[in-house]
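Side chains included, hydrogens not; waters and symmetry mates left out as well; all remaining heavy atoms used. Since this is a predicted model, take the numbers as computed values, not measurements.
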Amino acid sequence: MIRFASTEDLDALSGLDGHISKAELPDVIERRRVIVAEDGRLLGWLRYGLFWDNLPFMNMLYVIDGERGKGLGTALCDFWESEMKDLGYSLVLTSTQSDEHGQFFYRKRGYKDCGSLILPGEVTEIIMYKKLEDNNG
């Protein structure tokens with residue numbers, strides 16, 4: 001099942017998602033910016049924020065080991081993109097490191113490169129966008 005996270009998911013998410021502070025996570029859940037895949041246990045999640053305070057930016061898409069390759073990432077993205085379109089957004093953003101396979105997943109979904117972030121000593125981060133009119137990938 002794909003759904004928005006609730007406070008009942010807080011313990012599981014805070015134990016697994018090391019990319020957000022435990023102090024920040026409850027607020028993000030309350031704002032309906034975390035979507036989970038579950039079947040009685042947490043299988044994966046998508047977390048987003050707003051870039052420039054007005055563009056949905058997927059900060060995290062994660063499917064736990066052993067559950068990958070079953071379509072959960074696709075289902076989480078489909079849910080999120082549909083919700084963003086329903087909220088009136090016509091464009092969404094995400095990023096992935098240039099050495100990660102995630103870039104191919106996003107490109108298959110219709111995301112296109114639009115920039116990069118290069119920090120000293122770090123792998124290049126590819127910034128990607130998708131127009132939601134192209135929702136079928």
Can you tell me how far [atom2] of [Y] sits from [atom1] of [X], rounded to the nearest 0.5 angstrom?
{"X": "Leu132", "Y": "Leu91", "atom1": "CG", "atom2": "CG", "value": "7.0 Å"}
{"X": "Trp52", "Y": "Leu93", "atom1": "CH2", "atom2": "CG", "value": "8.0 Å"}
{"X": "Ser82", "Y": "Ile2", "atom1": "OG", "atom2": "CD1", "value": "12.5 Å"}
{"X": "Ser95", "Y": "Ile126", "atom1": "OG", "atom2": "CD1", "value": "9.0 Å"}

query = Who passes side-chain contact (heavy atoms from CB on, under 4.5 Å) against Ser90, sequence neighbours left out?
reply =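 If we apply the side-chain contact (heavy atoms from CB on, under 4.5 Å) test to Ser90, skipping adjacent residues, the hits are Glu133.
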Do [X] and [Y] belong together in a cluster built from hydrophobic side chains that touch within less than 4.5 Å?
{"X": "Tyr129", "Y": "Met84", "answer": "no"}
{"X": "Met128", "Y": "Leu117", "answer": "no"}
{"X": "Trp80", "Y": "Met1", "answer": "no"}

request  = Report the C-alpha distance between Arg109 and Asp78 in whole Å, list the side-chain angles of each, state the deciding distance to 0.1 Å, and finish with yes or no for salt bridge (charged side-chain N to carboxylate O under 4.0 Å, His left out).
outcome  = CA-CA 9 Å; Arg109 294 191 54 78; Asp78 286 348; 2.7 Å; yes
Considering all heavy atoms of both residues, which atom of [X] and which atom of [Y] are nearest to each other, and what is their separation?
{"X": "Ile29", "Y": "Ser6", "answer": "CG2-C, 3.7 Å"}
{"X": "Ser14", "Y": "Leu25", "answer": "N-CD2, 3.6 Å"}
{"X": "Gln103", "Y": "Gln97", "answer": "NE2-O, 4.1 Å"}

request  = Start with the C-alpha distance between Leu13 and Val34, add both sets of side-chain angles, then the distance that settles side chain to side chain contact (heavy atoms under 4.5 Å, CB included), and finish with yes or no.
outcome  = CA-CA 10 Å; Leu13 285 167; Val34 181; 3.9 Å; yes
key: Set of residues satisfying ring-ring contact (aromatic ring centres under 6.0 Å, His included) with respect to Tyr106, sequence neighbours excluded   =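 With neighbours one apart ignored, the set is Tyr111.
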Counting only pairs under 3.5 Å, give me each side-chain donor-acceptor contact of residues 55-77, with atom names and distances, residues two or more places apart or in other chains.
from, atom 1, to, atom 2, distance (Å)
Tyr62, OH, Arg68, NH2, 3.0
Asp65, OD1, Arg68, NH1, 2.6
Asp65, OD1, Arg68, NH2, 3.2
Glu67, OE1, Lys70, NZ, 3.2
Glu67, OE2, Arg41, NH2, 2.7
Arg68, NE, Val63, O, 2.7
Arg68, NH2, Val63, O, 3.0
Lys70, NZ, Gly66, O, 3.3

ask   = Are Arg107 and Asp113 close enough for a salt bridge, meaning some N to O gap below 4.0 Å?
value =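 Between Asp113 and Arg107 there is a salt bridge, with a charged N closer than 4.0 Å to a carboxylate O.
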Scan the side chains in residues 42-51 for donor-acceptor partners under 3.5 Å anywhere in the protein, sequence neighbours excluded, and list what turns up.
from, atom 1, to, atom 2, distance (Å)
Trp45, NE1, Asp17, OD2, 3.0
Arg47, NE, Asp17, OD2, 3.0
Arg47, NH2, Asp17, OD1, 3.2
Arg47, NH2, Asp17, OD2, 3.0

query = Among pairs that include at least one residue of residues 4-43, which meet ring pair (Phe, Tyr, Trp, His ring centres under 6.0 Å), considering only residues two or more places apart or in two chains?
reply =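 Of all non-adjacent pairs touching residues 4-43, those that pass ring pair (Phe, Tyr, Trp, His ring centres under 6.0 Å) are Phe4-Phe79.
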message = Restricting to side-chain hydrogen bond (donor to acceptor under 3.5 Å, both in side chains), what partner residues turn up for Glu38, sequence neighbours left out?
response =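 Expected list: Arg3.
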